[in-house]
Every structure is written in structure tokens, then in C-alpha cells.
Peer 1: 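Input: one structure, supplied below.
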Amino acid sequence: MKIRIEKTTAPKTLPAADNPLLFGTIFTDHMFIMDYNSEKGWFDSRIVPYGPILMEPSAMVFHYGQELFEGLKAYKAEDGRVLLFRPELNAKRSNDTCERICMPTIPVEDYVQAVKTLVDIDTKWIPERPGTSLYIRPFIFATEPALGVRPSSSYMFVIILSPVGAYYPEGLNPIKIWIEEEYVRAVRGGLGEAKAGANYVASLKAQIKAHEAGYSQVLWLDGIERKYVEEVGAMNIFFKIKGKVITPVLNGSILPGITRRSCMELCGMWGYEVIERQISADELFSAAGNGDLEEIWGTGTAAVISPVGILRKGDEVVKIAGGGIGELTRRLYDNLTGIQLGKIDGPDGWVTEV
Ligand code: PLP
Ligand code: COI
């Protein structure tokens, strides 16, 4: 793919070394854009100065939400290399979401090339303090100016970059999770396993409820029986029960996380039995009551590996791992971030140099 490059003539000031880099609040100098229409397919890939995008008020995305996004990160290794973590899996998942919400797919090589080229141009924006990285947000949205409910005939693919610190204000300290009983995020047959913006709109009401009660994130139950745990607002969830690693099985309403998959692979390599199955909130509370629920952690690009210290459902509240960070949670955090930063050799193909 040929990418036209127009560099900014007014580079911004980089954030100061002590800037806390609140998640997703600062954007770099450039962005990638590519257009699509049904006659030409994808065309005019370009990197231009970061800035507003001109759109028709009738653009379909504003009315029916035909939009998807991805999230990955670039890391600066100690030896100066710039590394990406399994970016082709984001490209593939983006294409899976495209299929589900009736958008044109993008060849994986072109997707990864676009990410790499943009990161390479804004490489000076990768922060280097421990726990920081350059968050990469690719997204695709419907641009056709029309109000009929049908797939758009034109789209834009955009990538923006944001230097970030921890996703949760708690950093690596354990977070408090609220099991939501009133609202659901997704149902089987719906959009749950797709990374469509619509899923996140569906989650807002419960997230506010959880925040008001002093909890960082919602743990969703299945939309049918409201019994089995599915995933957290911005991450997948894992439990260590009597030495075994358990995570909810992908059932169509859970996002197939890349960190989830990597975490399962690492635990498997370390000799843990890793089980994907349905697991009910009741089972979790009874395991906690018996002392069998040893650790809970969430996995995600933004969230990395996040220990869960408190779990609440209705009036039931349990403390996990004494409210601290479990041993396996810590090992996963250290190894995953070690691999991402190029300090530890991971399995073949996990890190790609820009
Ligand atoms: N689940 C949801 C709802 C998410 O938004 C994310 C974040 O991308 C994840 C899980 C974790 O996915 P990944 O590990 O690919 O970032
Ligand atoms: C990510 O981890 O990349 C996500 O997309 C989560 C996001 C909703 C902040």
C-alpha cells in the first residue's frame, strides 16, 4: 500500500516527563486516514497532521452508529527499538468486527503497515516512564450522507495515537469490581464479541452506577440467565480457583481479547491447567467463602493485567487475595510487560519491531 505523507509544520510540545498521561487525553502530531467507496474500494491512504475531520451531518455513523475501533500499544525498549504486541491480531479482529457490522475489511498487511508507518513518524511521542506506552486507536466509521437504515457505501479508516499511563487511576493497585444485575451489555446473537462502539454505549449506565458506589468497573453477567460472568467493561476476566486458571468461555457475547489469549498461553506454558467455561457469580462467592478463590485479574490492552481486590454483587462483598496482588497476577504482569518492552523473550511473533 502506498501511503502519502504530509508532515505537520506546527509540531506540538511533548508532555512533560512528570505528566500523569491520563488515559486517552493527549494526541500526537499526526493521524492516518484512508477512504473507502463502493467503486474504488479502499483508497488515498495518507498520514496528515492530527486535526478535525470534515463530515456531512447526514453521515450514517451519526445516526445508526456503524462504527468499530481497536486498541493496541507501541512500547519503547531499553535498547531504543519500538515494539508492537501482536498487531496482526488486532487487524484480524477488526476484520471480524467489519464482517459483523457489514463494513468492508482491510488487508491485514495494509492495516499493520498503516499502524507501523504512523508510529514511526510519531515515535518521539512514545513515553518511557515505567507503566507508560503509546496507545494506538484505529477506527472505521460510516460516512455516506443518507438516512436510510442500511450499510453505508462509504467509510473512513483513521488511526490516532495517544501517550498513556495506567488506564485505572489505581495503577497496579487492586481495583473494585461491581457485578451488574440490572443492565446487560450484550446478548448471544448481538454485537458482544465485536469491537463496535455500540457495545460501549450500552455499558455507560451501569458504569455510572458502579462509579457512584465507589467501584472502578462493571463485571457483566450473561444477558439471558443473568447468572454467568462474562467480562469487565474494558477487559476480560480470570479467576484462580484451587490452583486452576478459569476464564469465561467465548460464547458470542464476550470480546475475544488479545491479552486474554496471551495470558492463557503464558499460564499454559507455565504448567497451569487453563479452563474456559461458564462460571456463575454464585460459584465465585461460594469459592470465596471456602477460601478457594485465590486470585482475580482482568486482562486488556489498556488495562494490561489488573488485579481485582474487591468483588461485589448486591449486598455481598468479598475481598480477594487479602485485597493485595496475587502471585500469579504479579507474574503475569511482569512477564507480559517484560515481553512487550522487549526485556523478556516471548513466544515467536509476539513482538514486532516498527
Ligand atoms: N473486553 C472489552 C469489552 C474490551 O474493551 C477490551 C479491550 O480491548 C478487552 C476485553 C480486552 O481486549 P484486548 O486484550 O484485546 O485489549
Ligand atoms: C483497549 O484496551 O484497547 C480498549 O479498547 C479498552 C477501551 C475501551 C479503553
Side-chain angles (χ1 to χ4, degrees), residues 21-27 67-75 84-97 100 111 115 131-140 159-169 175 177 180 183-187 190-204 206-207 210-211 216-223 229-238 247-267 276 296-306 308 332-333 336-337 339-340 350:
L21 302 178
L22 285 182
F23 187 84
T25 54
I26 299 169
F27 300 95
E67 185 269 354
L68 68 80
F69 71 96
E70 270 299 326
L72 64 162
K73 284 174 169 173
Y75 310 85
L84 300 174
F85 186 69
R86 311 183 88 174
E88 63 294 334
L89 297 184
N90 292 94
K92 286 189 188 129
R93 186 171 63 189
S94 176
N95 283 342
D96 291 343
T97 303
R100 178 63 183 83
Y111 194 108
V115 167
T132 63
S133 55
L134 186 68
Y135 186 74
I136 305 167
R137 168 55 59 87
F139 54 110
I140 310 176
I159 309 175
I160 55 175
L161 305 174
S162 174
V164 297
Y167 184 64
Y168 299 118
I175 57 169
I177 297 277
E180 174 57 35
Y183 300 107
V184 296
R185 169 188 178 274
V187 288
L191 294 181
E193 68 181 351
K195 208 161 164 62
N199 285 322
Y200 298 80
V201 175
S203 75
L204 297 177
Q207 188 179 307
H211 281 175
S216 319
Q217 285 274 308
V218 169
L219 175 56
W220 297 102
L221 293 176
D222 75 278
V229 298
E230 297 219 314
E231 64 178 319
V232 182
M235 53 187 195
N236 295 109
I237 191 89
F238 282 78
T247 191
V249 63
L250 300 178
N251 59 359
S253 56
I254 297 175
L255 190 82
I258 294 160
T259 324
R260 173 186 183 275
R261 170 169 165 178
S262 308
C263 202
M264 288 171 59
E265 288 167 1
L266 284 177
C267 289
E276 292 178 89
I296 306 184
W297 65 92
T299 64
T301 299
V304 195
I305 302 287
S306 280
V308 174
L332 280 165
Y333 180 86
L336 185 73
T337 55
I339 293 169
Q340 290 167 335
W350 276 24

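Note that these values count all heavy atoms, side chains included, but never hydrogens, waters or copies made by symmetry. Counting convention: from 1, in listed order, for ligands and their atoms alike.
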Peer 1: Distance under 4.0 Å to a non-hydrogen atom of Arg185: what atoms of ligand 1 satisfy this?
Peer 2: 3 (C)

Peer 1: For Arg93, is there an ion pair with Glu70 - N to carboxylate O distance below 4.0 angstrom?
Peer 2: yes

Peer 1: Taking the six-membered ring for Trp and the single ring otherwise, decide whether the centroids of Phe85 and Tyr75 are under 6.0 Å apart.
Peer 2: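 Centroid separation for Phe85 and Tyr75: 6.0 Å or greater.
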
Peer 1: Checking a contact table here: which protein heavy atom is nearest atom 6 (C) of ligand 2, and how many Å away?
Peer 2: Ala234 CB, 3.9 Å

Peer 1: Is it true that a side-chain atom of Ser162 and a backbone atom of Ile26 form a donor plus acceptor pair closer than 3.5 Å?
Peer 2: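 It does hold such a pair.
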
Peer 1: Is there a side-chain contact (heavy atoms from CB on, under 4.5 Å) between Tyr333 and Val304? Walk through the geometry before answering.
Peer 2: CA-CA 7 Å; Tyr333 180 86; Val304 195; 3.9 Å; yes

Peer 1: Between Leu255 and ligand 1, which part of the residue brings a heavy atom under 4.0 Å of the ligand: side chain, backbone, both or neither?
Peer 2: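 Answer for Leu255: side chain.
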
Peer 1: Answer with yes or no whether Arg93 contacts ligand 1, where contact means a heavy atom under 4.0 Å from a ligand atom.
Peer 2: yes

Peer 1: Do me a favour and list the nearest non-hydrogen protein atom to atom 16 (O) of ligand 1 with residue, atom name and distance?
Peer 2: Thr301 OG1, 2.6 Å

Peer 1: Report yes or no: does Arg100 contribute a side-chain atom to a donor-acceptor pair with the main-chain N or O of Asn95 at less than 3.5 Å?
Peer 2: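 No: the side chain of Arg100 does not pair with the backbone of Asn95.
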
Peer 1: Taking 4.0 angstrom as the limit and counting only heavy atoms of Tyr200, give me the atoms of ligand 1 inside it, by number and element.
Peer 2: 2 (C), 3 (C), 4 (C), 5 (O)

Peer 1: Could you find the nearest protein heavy atom to atom 8 (C) of ligand 2 and give me its residue, atom name and distance?
Peer 2: Tyr200 CE2, 3.7 Å

Peer 1: With heavy atoms of Thr299 as the reference, note each atom of ligand 1 found under 4.0 Å away.
Peer 2: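 Per the distance check, 11 (C).
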
Peer 1: Going through the checks in order, is the side-chain contact (heavy atoms from CB on, under 4.5 Å) test met by Leu161 and Phe27?
Peer 2: CA-CA 6 Å; Leu161 305 174; Phe27 300 95; over 6 Å; no

Peer 1: Would you mind listing which atoms of ligand 1 come within a distance below 4.0 Å of any non-hydrogen atom of Gly300?
Peer 2: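 With Gly300 as reference, the close atoms of ligand 1 come out as 11 (C), 14 (O), 16 (O).
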
Peer 1: Is it true that a side-chain atom of Gln217 and a backbone atom of Ala234 form a donor plus acceptor pair closer than 3.5 Å?
Peer 2: yes

Peer 1: Look at atom 8 (O) of ligand 1 and say which protein heavy atom is nearest, naming residue and atom and giving the distance to 0.1 Å.
Peer 2: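 For atom 8 (O) of ligand 1, the nearest protein heavy atom comes out as Lys195 NZ, 2.8 Å.
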
Peer 1: Which of the listed options, Phe69, Tyr167, Tyr135, Phe23, holds the heavy atom that is closest to atom 1 (C) of ligand 2?
Peer 2: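 Looking at heavy atoms only, the winner is Tyr135.
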
Peer 1: Quick one: pull up CE in Met235 and CD1 in Ile305 and give me the separation to the nearest 0.5 Å.
Peer 2: 9.5 Å

Peer 1: Between Tyr111 and Lys92, is the side-chain contact (heavy atoms from CB on, under 4.5 Å) condition met? List the steps.
Peer 2: CA-CA 9 Å; Tyr111 194 108; Lys92 286 189 188 129; over 6 Å; no

Peer 1: Quick test: of every protein heavy atom, which one is nearest to atom 7 (C) of ligand 2, and how far off is it to 0.1 Å?
Peer 2: Arg137 NH2, 3.9 Å

Peer 1: Of Glu230, Glu231, Glu180, Glu193, which is the lone residue that meets salt bridge (Lys or Arg N to Asp or Glu O under 4.0 Å) with Arg185?
Peer 2: Glu231

Peer 1: If we only consider heavy atoms of Gly71, is any one of them less than 4.0 Å away from an atom in ligand 1?
Peer 2: no

Peer 1: Examine Phe23 together with Tyr168 and report whether their ring centres are nearer than 6.0 Å.
Peer 2: no

Peer 1: Under 4.0 Å from a heavy atom of Glu231: give me the atoms of ligand 1 that qualify, with their elements.
Peer 2: 1 (N), 2 (C), 3 (C), 10 (C)

Peer 1: Do NZ/NE/NH1/NH2 and the carboxylate oxygens of Arg260 and Glu276 come within less than 4.0 Å?
Peer 2: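 Salt bridge between Arg260 and Glu276, a charged N being under 4.0 Å from a carboxylate O: yes.
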
Peer 1: Do Ala234 and ligand 1 have an N or O pair less than 3.5 Å apart?
Peer 2: no

Peer 1: Can you tell me which residue and heavy atom of the protein come closest to atom 2 (O) of ligand 2, and the distance to 0.1 Å?
Peer 2: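 Looking at atom 2 (O) of ligand 2, the protein heavy atom closest to it is Ala302 N, 2.8 Å.
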
Peer 1: Short list, please: which atoms of ligand 1 are under 4.0 Å from a heavy atom of Gly257?
Peer 2: 12 (O), 13 (P), 14 (O), 15 (O)

Peer 1: Go through it in stages, so that I can follow the logic: the residues are Leu336 and Cys263, the test is side-chain contact (heavy atoms from CB on, under 4.5 Å), and I'd like the CA-CA distance, side-chain angles, deciding distance and then a yes or no.
Peer 2: CA-CA 8 Å; Leu336 185 73; Cys263 202; over 6 Å; no

Peer 1: Of the side chain and backbone of Ile254, name the one, both, or neither that has a heavy atom under 4.0 Å from an atom of ligand 1.
Peer 2: neither

Peer 1: Looking at ligand 2, would Lys195 count as a contact under a 4.0 Å heavy-atom criterion?
Peer 2: yes

Peer 1: Answer yes or no for Gly233: is there a heavy-atom contact with ligand 1 below 4.0 Å?
Peer 2: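 The answer is yes, since Gly233 has a heavy atom less than 4.0 Å from ligand 1.
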
Peer 1: To the nearest 0.1 Å, how far is atom 14 (O) of ligand 1 from its closest protein heavy atom, and which atom is that?
Peer 2: Thr259 OG1, 2.5 Å

